[in-house]
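Naming convention: chains lettered A, B, ... in sequence-line order (proteins, then strands); numbering from 1 in each chain.
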There are 2 protein chains.
Amino acid sequence: MTQPHFPKSMEWFERASRVIPCGIYGHAAPAAMVPTEFPYYAARAEGCHYWDVDGREYLDFLCSYGPVILGHHHPEVEAAAERQSKLGDCLNHPAPVMVELCERLVDIVDFADWAVLGKNGSDMTTWAIQLAREFTGRKKILRARQSYHGSHPWCTPGHGGLIEEDRAHIHEFIWNDLDSVRDLVKKHRDDVAGLITTPFLHPPFGDSELPAPGFLQGVQEICRKEGIVFIVDDIRAGFRLDFGGSHKYFSFEPDVICFSKALGNGYPISAALGRKELRVAASRVFLTGSFWYGAVAMAASLACLQVMEREKTAAHVLRIGQLFMDGLKERAARHGLEVRVSGPPSLPFLKFTNETNLLRQQRFCSEMVQRGVFLHPHHNWFISGAMKETEVAQALKTADEAFGVVKAEFGS
Amino acid sequence: MTQPHFPKSMEWFERASRVIPCGIYGHAAPAAMVPTEFPYYAARAEGCHYWDVDGREYLDFLCSYGPVILGHHHPEVEAAAERQSKLGDCLNHPAPVMVELCERLVDIVDFADWAVLGKNGSDMTTWAIQLAREFTGRKKILRARQSYHGSHPWCTPGHGGLIEEDRAHIHEFIWNDLDSVRDLVKKHRDDVAGLITTPFLHPPFGDSELPAPGFLQGVQEICRKEGIVFIVDDIRAGFRLDFGGSHKYFSFEPDVICFSKALGNGYPISAALGRKELRVAASRVFLTGSFWYGAVAMAASLACLQVMEREKTAAHVLRIGQLFMDGLKERAARHGLEVRVSGPPSLPFLKFTNETNLLRQQRFCSEMVQRGVFLHPHHNWFISGAMKETEVAQALKTADEAFGVVKAEFGS
């Protein structure tokens, strides 16, 4: 019997399994990666470097599934959080930093007149569809098939605990198929409250799909014409494509935009911003939580925005991501392997072309992980501002070896 | 025209109103307290002392609506959070502290076999009703009228943005009326998945109502007999009545218990714990969020639990709350005012008996606030471990003055 690659991870997992259903639930559940081939527990992180509990070090191409856009422990973000923490975090009232952050967000996002803040991404997507219903007096919500908008009953990718009423008025269109949107609008004419979509589609296990030319603009036109509230869920992509929101990158304009993840460089915060016309309706949809005035995450977010703007982080992660993707394609080709790189370069993903055997994909990512490059086999990756050319070169050298292993095991 | 009492609060609120619907939304919305008579923005806090942006200092009897059970900046909690923060917070995987915290929670709560963690209280109450549905294969959820279980569509106290399907299978019984529970169970026989209740009822604007003798035990018996999952929402009261969960204080036993607020002394965290029989169902109801593995709040929570256990914080806040309530009653009587003190002493509330004029209640609390004792006019109060006899004596001296003003203005 071979020793486990990650003995300490396995020990913690065994302990966890006694007191936590599945040991690890949610997006980091071992079954979502490659069980026993990936670490299960985190020890620490710094910049774009990540260490697991077995003391292994990785170049971090996952950024904690997106939040850590500036790299771990960015000094300006940490300093801002610490300053606010010394004053107080969870208080009887909001702190002034809430006003400053909302002012800043409204200033950054071109169409926005107002902002609200929460803790989870789901807090904002759920609230946004309620807002659409309040504004229109209609019920139906359209979303893209295979899209991800959080873990609430109306949108969770899970199957347990749901009842049909949870999704009685949620209808799915096909990404990049404007006719499927038109069909739904026609079918439910005058009863569609809102349409929610991510700026690109990132199905688990699948290639990411960018919007086809005219698709999001077409959606926008339909929404305007039909009085449907057009919501962009920018929780995953936000600030990695354009500092002003991903609608700028893809040249369209929604009515509401939701942010989270990169907004606070890892501090728990989310936001929804909207058009002036929606302000009264927004004031009518109750939203709150015990920690929602938490001032530390807001201070961290304000600092994160300042750094992202000054450092032009969106441009940086796009450029670094492109280098990485180009390099991966080139190295794969050297080994006679065909790969498809998908998604925007700052949230890239790679799959082997025309490969039906999931094990090839898993082997490649496992080999990368074994060699100190942390990638996810079934979920898009993320580039941080802390990632530079040196790290990309190192990751590509590693990829060369990993492709070699894949070639030897699965052929070309 | 008189000067506003809180000029800096008003300035911030004016700025906020330009970029935030309602300026301040949620539980700290000015309309929920006494507009212009209460501060709107927080500057800082320390122990049981709270300062607003106008530099006014208060004895804090609200504890940020519950979370701050040990007082602000408890050194052990802050040190634990800081140690974890230096390692990392939002990481690619959970940190070992997640396992340690769940082990600790399962150890603390007598009937619990497993635990899961989230960020908001609502994350856990919504997940708990999904769990009940998954476990039973039934749809209906029973809750007490006027209870609070969070801000999600199935339970929000707001009215905006709701559709009838949100509550198609949510039914309300009357608190302390076992027959109303029986009636619902009979009416929806074999279709009731779960019953969720707080350990005592705390309606806004109303007196808190403790469980009548036998009520919660009767609910428990009905649930056991009918195969209904009995969920206690201990988010508000948790750790202020009994370190092992409020069911211990009231001598009953649920199947699931939800915590948040005091669990992390202000750090954003929530938890649900359940019986062994529910473990498989729990593993089937997806739950996650970008920040849900956040290790800092978990480390803070572990330290908070340690301090609460060692210092017997539940007993302390019960005792201090009793002193405060007894003192308030006595001082009110001295002025010939009749008051009703309600709720458990650690989450006390006070109203003027048989008073239909809301202004009397508001005047009393406003006068307390003006004199440096922070109380809420329409929401139960909270005692922290940092509150000692000296502060209670000071608050009672202030109450003497406030009762005098009330007597002069409204009579007895």
Side-chain angles (χ1 to χ4, degrees), chain A residues 12 15-16 19-22 24-28 40-42 44-45 50 62 64 67 72 87-96 99 102-103 106 114-115 119-121 130-131 133-134 139 151 156 158 160-161 163 165 168 260-261 266 268 279 282-291 294, chain B residues 12 15-16 19-22 24-28 40-42 44-45 50 62 64 67 72 87-96 99 102-103 106 114-115 119-121 130-131 133-134 139 151 156 158 160-161 163 165 168 260-261 266 268 279 282-291 294:
Chain A
W12 281 108
R15 275 175 66 173
V19 292
I20 302 172
C22 299
I24 300 171
Y25 50 81
H27 55 281
Y40 292 1
Y41 286 92
R44 64 192 177 93
Y50 174 60
L62 198 57
S64 313
H72 290 274
L87 296 172
D89 182 18
C90 180
L91 300 157
N92 288 329
H93 297 94
V99 184
C102 289
E103 285 176 342
V106 165
W114 53 262
K119 296 310 272 183
N120 299 321
Q130 290 183 267
L131 168 62
R133 284 169 172 164
E134 177 66 18
K139 281 187 169 186
S151 60
T156 175
I163 58 173
E165 285 81 0
S260 183
K261 290 200 185 271
R279 184 192 268 254
S283 73
R284 287 198 194 126
V285 182
F286 188 67
L287 77 166
T288 204
S290 298
F291 312 115
Chain B
W12 281 108
R15 274 176 67 173
V19 292
I20 302 173
C22 299
I24 300 171
Y25 50 81
H27 55 281
Y40 293 0
Y41 286 91
R44 64 191 177 94
Y50 174 60
L62 198 57
S64 314
H72 290 273
L87 296 171
D89 182 17
C90 181
L91 299 158
N92 288 330
H93 298 94
V99 184
C102 290
E103 285 176 342
V106 166
W114 53 261
K119 297 310 272 182
N120 299 322
Q130 291 183 267
L131 168 61
R133 285 169 171 164
E134 177 65 18
K139 281 186 169 185
S151 61
T156 176
I163 58 173
E165 284 80 1
S260 182
K261 291 198 184 271
R279 184 191 269 254
S283 73
R284 287 199 194 124
V285 182
F286 189 67
L287 78 166
T288 205
S290 298
F291 311 114

Hey, which of B:Gly88, B:Gly158, B:Ala28, B:Ala16 has the most heavy atom pairs under 4.5 Å with chain A?
B:Ala28

Scored by heavy-atom pairs under 4.5 Å with chain B, the best of A:Thr288, A:Val19, A:Leu91 is A:Val19

Please report the interatomic distance CH2(B:Trp114) to SG(A:Cys22), rounded to the nearest 0.5 Å.
11.0 Å

Using a cut-off of under 4.5 Å for heavy-atom pairs, which of B:Ser151, B:Ser260, B:Gly266, B:Pro268 has the most such pairs with chain A?
B:Pro268

When heavy-atom pairs shorter than 4.5 Å are enumerated against chain B, which of A:Glu103, A:Glu134, A:His93, A:Arg133 gives the highest number?
A:His93

Only counting residues at least two apart or in another chain, list the ones meeting side-chain contact (heavy atoms from CB on, under 4.5 Å) with A:Ser64.
A:Pro67, A:Val68, A:His72, B:Cys90, B:Asn92

Heaviest contributor of heavy-atom pairs below 4.5 Å to chain B, chosen from A:Asn120, A:Val106, A:Thr156, A:Leu131, is A:Asn120

Atom group of B:Ile24 that falls short of 4.5 Å from chain A, counting heavy atoms:
side chain

Nearest-0.5 Å distance that lies between atom CG in B:Asp89 and atom CZ in A:Arg44:
16.0 Å

Check each atom of A:Tyr40 against the heavy atoms of chain B and say whether the ones under 4.5 Å are side chain, backbone, both or neither.
backbone

Chain A: which of B:Ala282, B:Cys102, B:Gly294, B:Gly121 shares the most heavy-atom pairs with it under 4.5 Å?
B:Cys102

With B:Ser290, which residues qualify under side chain to side chain donor-acceptor pair (under 3.5 Å), at least two apart?
A:Lys261

Do you know which of A:His27, A:Arg284, A:Lys139 has the most heavy-atom pairs under 4.5 Å to chain B?
A:His27

Please test B:Leu62 against B:Tyr50 for side chain to side chain contact (heavy atoms under 4.5 Å, CB included), starting from the C-alpha separation and ending with a verdict.
CA-CA 10 Å; B:Leu62 198 57; B:Tyr50 174 60; over 6 Å; no

Hey, which of A:Pro94, A:Ala168, A:Ala115 has the most heavy atom pairs under 4.5 Å with chain B?
A:Pro94

Quick one: what part of B:Tyr25 sits under 4.5 Å from any heavy atom of chain A, side chain, backbone, both or neither?
both

